[in-house]
Amino acid sequence: MARKKPTSSADRPAPGPLRLHVPEPAARPGDDPDFSHVRVPAAGVSQRPPIDASEPELRAYAEGLVRVLGDDHRAVGDWDPQLDADTLRRGLRHMLLTRIFDDRMLRVQRQGKTSFYIKSTGEEAVSVAQAYALREDDMLFPSYRQQGLLVARGHSLVDMMCQIYNNTRDRLKGRQLPIMYSVREKHFFSISGNLGTQFPQAVGWAMASAMKGDTRIAASWVGEGTTAEADFHYALTFASVYQAPVILNVVNNQYAISSFQGFAGGEHATFAQRASGYGLPGIRVDGNDFLAVHAVTQWAAERARANHGPTLIELFTYRAAAHSTSDDPSAYRPEDEFARWPLGDPIERLKQHLIAIGEWSEARHEQLVKDLDDQVRADLKEAESYGTLSTPPASPSSMFEDVFKDMPEHLVRQRREMGY
Amino acid sequence: MARKKPTSSADRPAPGPLRLHVPEPAARPGDDPDFSHVRVPAAGVSQRPPIDASEPELRAYAEGLVRVLGDDHRAVGDWDPQLDADTLRRGLRHMLLTRIFDDRMLRVQRQGKTSFYIKSTGEEAVSVAQAYALREDDMLFPSYRQQGLLVARGHSLVDMMCQIYNNTRDRLKGRQLPIMYSVREKHFFSISGNLGTQFPQAVGWAMASAMKGDTRIAASWVGEGTTAEADFHYALTFASVYQAPVILNVVNNQYAISSFQGFAGGEHATFAQRASGYGLPGIRVDGNDFLAVHAVTQWAAERARANHGPTLIELFTYRAAAHSTSDDPSAYRPEDEFARWPLGDPIERLKQHLIAIGEWSEARHEQLVKDLDDQVRADLKEAESYGTLSTPPASPSSMFEDVFKDMPEHLVRQRREMGY
Amino acid sequence: MPKMNMIQAINSALDVMLDRDDTVVIFGEDVGYFGGVFRCTAGLQKKYGKTRVFDTPIAEGGILGAAIGMGVYGLRPVPEIQFADYIYPAFDQLVSEAARLRYRSGGEFSAPITVRAPCGGGIFGGQTHSQSPEGIFTHVSGLKTVMPSNPYDAKGLLIAAIEDDDPVMFFEPKRIYNGPFDGHHDRPLQPWSKFPQSEVPDGYYRIDLGKAAVARPGNEVTVLAYGTMVHVSVAAVEEAEIDGEVIDLRSLLPIDLDAIVESVKKTGRCVIVHEATRTGGFGAELSALVQEHCFHHLEAPIERVTGWDTPYPHAFEWHYFPGPERVTRALKKVMEG
Amino acid sequence: MPKMNMIQAINSALDVMLDRDDTVVIFGEDVGYFGGVFRCTAGLQKKYGKTRVFDTPIAEGGILGAAIGMGVYGLRPVPEIQFADYIYPAFDQLVSEAARLRYRSGGEFSAPITVRAPCGGGIFGGQTHSQSPEGIFTHVSGLKTVMPSNPYDAKGLLIAAIEDDDPVMFFEPKRIYNGPFDGHHDRPLQPWSKFPQSEVPDGYYRIDLGKAAVARPGNEVTVLAYGTMVHVSVAAVEEAEIDGEVIDLRSLLPIDLDAIVESVKKTGRCVIVHEATRTGGFGAELSALVQEHCFHHLEAPIERVTGWDTPYPHAFEWHYFPGPERVTRALKKVMEG
Ligand SMILES: Cc1ncc(C[n+]2csc(CCOP(=O)(O)OP(=O)(O)O)c2C)c(N)n1
Ligand SMILES: Cc1ncc(C[n+]2csc(CCOP(=O)(O)OP(=O)(O)O)c2C)c(N)n1
Ligand SMILES: [Mg+2]
Ligand SMILES: [Mg+2]
């Protein structure tokens, strides 16, 4: 204790002025797309851990990127889910169907037949592969960009279109913005317009399933931008405290409307890393690699079902389309970014894989695209036969229903006031 | 691709039923206190890192426990802040004063002279050492258990008592529950009854300081239970995104009213670890070790002031008293836990350290206790001369002031209606 | 018949429902092992186990988010918010989710949750343990809002709320947990056991939501009140020696408009009393409804007696609280008006 | 004089204030580089730099929490909430903090923030892009609530709001960003440039909060409205061929009670129009105030024309929206009543 330091920092030399750091993306309109900050490990290097591994053992997965499909389009490594060719072809079909559906619905929105649409282009592997890795009766709490879940569960496109059109067959009775589906029989929860709210709800559902000794688990999705909302924190906290059987997915598609993922904290950590702070495993996966997404989701599902608790999965992908039909991305990002996205296109990659293993061909692919296009057209025709936005479902008086289970007097009076 | 695994988890053998995990503390009333789960590393083993170290380099600090005062009451290792004996004696004095003040105010609450009180017993090192490691004009956003900050900044106890009494000298004009201080000239922010709200506010203040090229930083405190609130997540997110010059403190005193820290997620990770998920350094420190608390806080302050960004500090301590005067801990924890708390009593430890280095004695300590007790009694007498709860400050009509800067018409009307 | 105070009656309602319906679950901050800071859930974890009655993280939004998910699964969650003042972090889950779920899903999903929260002042709780936020929730389509004024009603209404298939905000005026406080803070509180409403059956019974009660019949003026203010209003009517009819609304949404209109048409005068701040409070809605439905019967302007439009000031609690003196003044004013 | 639509007028107000006062800072989701989803902040980041105008994480509660801290530091933050429907996650910071800070600290600290949020429906936004939550905020002591109805007022009121030392909720009816929509959704929208209120000075001017304007003078009935509903009400009055006086409240809290009372005393009749749901809406408060202050002048019950007590239903937007037809019906009713 010979040398005495100054006793208070007040005595130290005054430092320079403080500066505010405001995140800045690598490229803006006019710039060359720049993904040099994206580290892409080779496929197959990551090992599939046991499902009862503890969080500290799993910490490296939150910074890594699980990849199965190599540059040669072969599946490599421990995570290869070894799906049979039929399943892969079905996956390709469902991803393609999702994309074609999206393209078609964008077009009808542009024609004024509906008010709004949101595409999932470039992110089809997320929904389709994840749906495949879950059981049919596991409960899904999606955001607005997982239409692929419904497609993968074989839900009727006509039914989806009718919701988008708010027509006479709209199961949501004209109440919701297009694409805010709710499909109870497919265990697909009602989509909320408020970001993130489904995340703690999924945890609550999973807690209930555990309370009741059920075997069904829950899965939920948010975008990387949405991780900043309170609900993300609530979900992780409750999932951790009660070790709920739930899979919490962050779809990191690089953008939240105009804001790059740095505004959600992506400059300083991966989104999968958030989980470790709660003592939960976080796994980062190549979201455009159908096989990797399937494998990681299956791992998390097995873990949850065996009472080893929740997993956070970050699906690393790219939002290839505009945020929604109300958005124009050319105002905030280089036009050709998707073409330069280092993880490619999930559909193209699965297609090439199937070709590489001798289970697919360009010709069959072309035929499939045509068939699906025909199917979507036919479905659209049917859906339009039930009307479009200008042909509302049932009577306006139905707007007073379902506010409560039984209509209270004040709503009866208001309905009467409206003339019914 | 010879062996084909089942293509969907639905085909796998059904697992057993799910179970809900509900956290359970190691000991309940009637049990022997059990702190076997608390790992206490030896003092001096942790190295003080450079202030510009990156988060991954610092990750081990979130799981460790920085300790300076050894079992022999000597200061050891790299983190030793090497404070001079005067500063240490001042620290001891301020911690003791805080404790004596707390004890006295509890007594007056029991006498019915005020409605409510909250003690910080056992946690005095947190406030006092942290105040010492900051500059006098750094802005503090405390919770209700950091009265020691005011004591350490030399604020008038009489002024604090007058707030507690809501008497004629209550600077908060009778508006606030006792102990919800606000002391602008000490850069001590108005305490909120709503848990956690001050955390993102501190970040916003720090952002503003950075925007303006100021040199002042902010510090804020929440309890470990409060980390589950949204505001904790907002604070860490904004602190990370904008690299705000702020120190975010989690005082882990093991309890949130009746709930042990497992209900905030403490079973699965430390609270310091939360930070790493946001790419921020988290440091866990022995909260009952005055020197360690000072050193870690000073490190974080230097880091923030040099534009290297925010730090989360977990102060590992024990709430020795009841949550508040409305609480009776014997209903939910063993009576003698504090006596068995492995990190001891912060006042006793600093006292023994001073004795060990030949700068203090039992006799001087006894005298100090007596002096401080006299001071508090004298202050109390003065405060009571300005009235107690039954002697409200000024006129009730003042209740209409400060809702807005200028009183709008409707409040003027209501004041008139009240008879003023 | 057992005698119960309001805490015991609420505890009994929860006990009855946990026993009858194994989808009922109870959780919140300090409600499990400890039994709640007001003891409303005391003994229930011990009786029904940790997966039916349990503690939670301090995260009101998380509590509600999880509750909604449990409701969607098929449970009937009864979360507690420790003080109504701390309900705001859960506001989005309540307003955007619980309240809207049935509607937006075309009836596919719903959240049959009952949110219990102690409300109101008069306990020297300061501005964050005294609020009455019911008026914020009655503006939200899809939520029901209930506030009992006595043990018998508390149990019957709480059972009805738990059985209700829609989300219900169940506010418990903490000032009357132990006795029917009438606003005379300088007099000793009479315990519930001295009053007939403390006779509460042990078993199951329900009081339908949306039905008001006449707390004191009368002919000269109608007083609309709920919660603690029912007792204040009855005291004021007696003290003013005016033959006032005090209506205990019990449920704010749905509201028993018929009972209100019938009474006001009879008396021709109306005073509305609540503890919440005035502007935009539920009293405004009551005033609007009364004048819409009884305009031609009104002989004087409707008066509102409410908390002032300020936070609840700790030292001036009794100046803030709308006590019998202020109600009496309003009664006299409408009788003259 | 330049012609501005409401977006341009708001942008101009922000520009003027950023320029005049270097403590003014603007932030929110997509408001920085992109300039806001409604373009209200377009060009401002470029002009004033990234530390004055910037993007934020998607965390409304964090945005408000940080804004309050900045306000305490000494800045005048003007955060944007992308849609008023998304303000609920920030509710606790607004109600428990911004609104209460000056009071609870005895005047030591305050948060001079202005929260801008587009509100209202009529754009086929569905239930989460159409809400009018102003009635929730007018019940909160310590907040001011403003809603302009035209470009000139928008700029003058926004400047006054930013200069105000208390927190102000500044709601922008998005349906009239581009023109004074009068509820006739089947007719082409007239752009602001055709109307005198689009003549907006480039520089600084302010319209004090708490002063109503007469949007259309008249003698037979008073119509109280704000935001989009001002235009609907004026259209309805003209179409009903009733000599109605339409009062544009502009500021709900503080409210210009004098202007209201003066008009109702003159006309003896009153219709209140807002887009928000009825029960507990700000219309209830207006109705209560009018009957309290004009009881003896009223010749007919006050009518409320409002959104129904349901979420905003996407397909039935025009059945939900309180258009000129419904206002006309109410006008006729009060004229008869
Ligand atoms: C609570 C809330 N705040 C803001 C919005 C407006 N909003 C809709 S989508 C969106 C961006 C979401 O980005 P991200 O979470 O990354 O999902 P992505 O759209 O990329 O799939 C925003 C800000 C909203 N819907 N809800
Ligand atoms: C938003 C909110 N929810 C609940 C409460 C009630 N409450 C007051 S203190 C407390 C426990 C806080 O525990 P912790 O954060 O660990 O701090 P400590 O009391 O241990 O210092 C609770 C639940 C509150 N004040 N605010
Ligand atoms: Mg995104
Ligand atoms: Mg604690």
Side-chain angles (χ1 to χ4, degrees), chain A residues 139 141 163 170-177 180-185 189-194 196-214 216 218 220 229-231 233-235 237-238 240-242 244 246 399 401-406 408-411 413, chain C residues 22-23 25 27 49-52 54-75 77 89-90 92-93 95-97 99-112 141-144 164-167 209-210 251 253-258 289:
Chain A
M139 185 74 193
F141 290 82
Q163 193 281 321
D170 173 8
R171 63 157 70 206
L172 304 187
K173 308 177 188 174
R175 304 227 182 94
Q176 273 282 39
L177 206 62
M180 297 289 182
Y181 312 110
S182 172
V183 186
R184 191 179 171 88
E185 71 273 23
F189 186 64
S190 156
I191 297 173
S192 177
N194 299 67
T197 47
Q198 70 276 15
F199 236 42
Q201 293 165 358
V203 174
W205 193 98
M207 286 172 68
S209 187
M211 285 173 198
K212 290 296 168 193
D214 199 339
R216 292 174 296 161
S220 189
E229 290 283 10
D231 288 310
H233 178 58
Y234 297 145
T237 302
F238 279 66
S240 170
V241 168
Y242 303 105
V246 65
M399 84 160 84
E401 289 157 20
D402 296 329
V403 180
F404 296 98
K405 189 171 178 213
D406 302 308
E409 263 308 306
H410 72 284
L411 284 176
R413 280 195 304 275
Chain C
D22 67 8
T23 68
V25 288
F27 48 94
K50 282 204 304 178
T51 55
R52 303 282 309 280
F54 54 91
D55 291 305
T56 63
I58 303 175
E60 293 76 11
I63 292 169
L64 262 294
I68 292 168
M70 292 177 202
V72 168
Y73 179 90
L75 305 187
D92 191 45
Q93 284 286 349
V95 173
S96 304
E97 299 295 315
R100 305 276 149 84
L101 185 49
R102 183 189 295 283
Y103 196 77
R104 77 169 194 236
S105 71
E108 289 198 341
F109 296 103
S110 61
S141 308
L143 296 180
K144 298 186 176 178
D164 199 284
D165 287 326
D166 290 304
L209 308 185
S251 160
L253 202 132
I255 181 83
D256 190 346
L257 185 61
D258 290 345
L289 285 174

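All values below come from the heavy atoms of this structure, side chains included, with hydrogens, waters and symmetry mates left out.
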Straight-line distance of [X] [atom1] to [Y] [atom2], nearest 0.5 Å:
{"X": "A/M211", "Y": "C/L75", "atom1": "CE", "atom2": "CG", "answer": "6.0 Å"}
{"X": "C/I255", "Y": "A/E409", "atom1": "CD1", "atom2": "CD", "answer": "12.5 Å"}
{"X": "A/D406", "Y": "C/L209", "atom1": "CG", "atom2": "CG", "answer": "11.0 Å"}
{"X": "A/D231", "Y": "C/E97", "atom1": "CG", "atom2": "CD", "answer": "7.5 Å"}

Between [options], which shows the greatest number of heavy-atom pairs under 4.5 Å with chain C?
{"options": "A/L411, A/N194, A/T237", "value": "A/N194"}
{"options": "A/V203, A/V241, A/I191", "value": "A/I191"}
{"options": "A/F404, A/F141, A/F199", "value": "A/F404"}

Pick one of side chain, backbone, both or neither for [X], based on which atoms fall under 4.5 Å of a heavy atom in chain C.
{"X": "A/V403", "answer": "both"}
{"X": "A/L177", "answer": "neither"}
{"X": "A/P200", "answer": "both"}
{"X": "A/M399", "answer": "both"}
{"X": "A/Q163", "answer": "neither"}
{"X": "A/K173", "answer": "side chain"}

When [options] are compared by non-hydrogen pairs under 4.5 Å with chain A, the top option:
{"options": "C/T23, C/V25, C/T56, C/D164", "result": "C/T56"}
{"options": "C/G107, C/P77, C/S141, C/A67", "result": "C/G107"}
{"options": "C/L289, C/D258, C/L143, C/D256", "result": "C/L143"}

Identify which part of [X] has an atom lying under 4.5 Å from any heavy atom of chain A, answering side chain, backbone, both or neither.
{"X": "C/D22", "value": "both"}
{"X": "C/A59", "value": "both"}
{"X": "C/P89", "value": "both"}

Would you indicate whether the side-chain heavy atoms of [Y] and [X] approach each other to under 4.5 Å?
{"X": "A/L172", "Y": "C/R104", "result": "no"}
{"X": "C/D92", "Y": "A/E229", "result": "no"}
{"X": "A/Y234", "Y": "C/E60", "result": "no"}
{"X": "A/F238", "Y": "C/I63", "result": "yes"}
{"X": "A/Y242", "Y": "C/T51", "result": "no"}

Self-check item: Residues forming a side chain to side chain contact (heavy atoms under 4.5 Å, CB included) with A/R184, sequence neighbours excluded
Solution: C/E108, C/F109

Self-check item: Partner set under ring-ring contact (aromatic ring centres under 6.0 Å, His included) for C/F27, not counting sequence neighbours
Solution: C/F54

Is there a donor-acceptor contact under 3.5 Å from the side chain of [X] to the main chain of [Y]?
{"X": "A/D402", "Y": "C/R102", "answer": "no"}
{"X": "A/R171", "Y": "C/G106", "answer": "no"}
{"X": "A/Q176", "Y": "C/S105", "answer": "no"}

Quiz item: Yes or no on side-chain contact (heavy atoms from CB on, under 4.5 Å) for A/Q201 and C/Y73, after CA distance, side-chain angles and deciding distance?
Solution: CA-CA 10 Å; A/Q201 293 165 358; C/Y73 179 90; over 6 Å; no

Practice problem: Search all heavy atoms of C/V72 against all heavy atoms of A/F189 and return the closest pair with its distance. | Solution: CG2-CE1, 3.5 Å

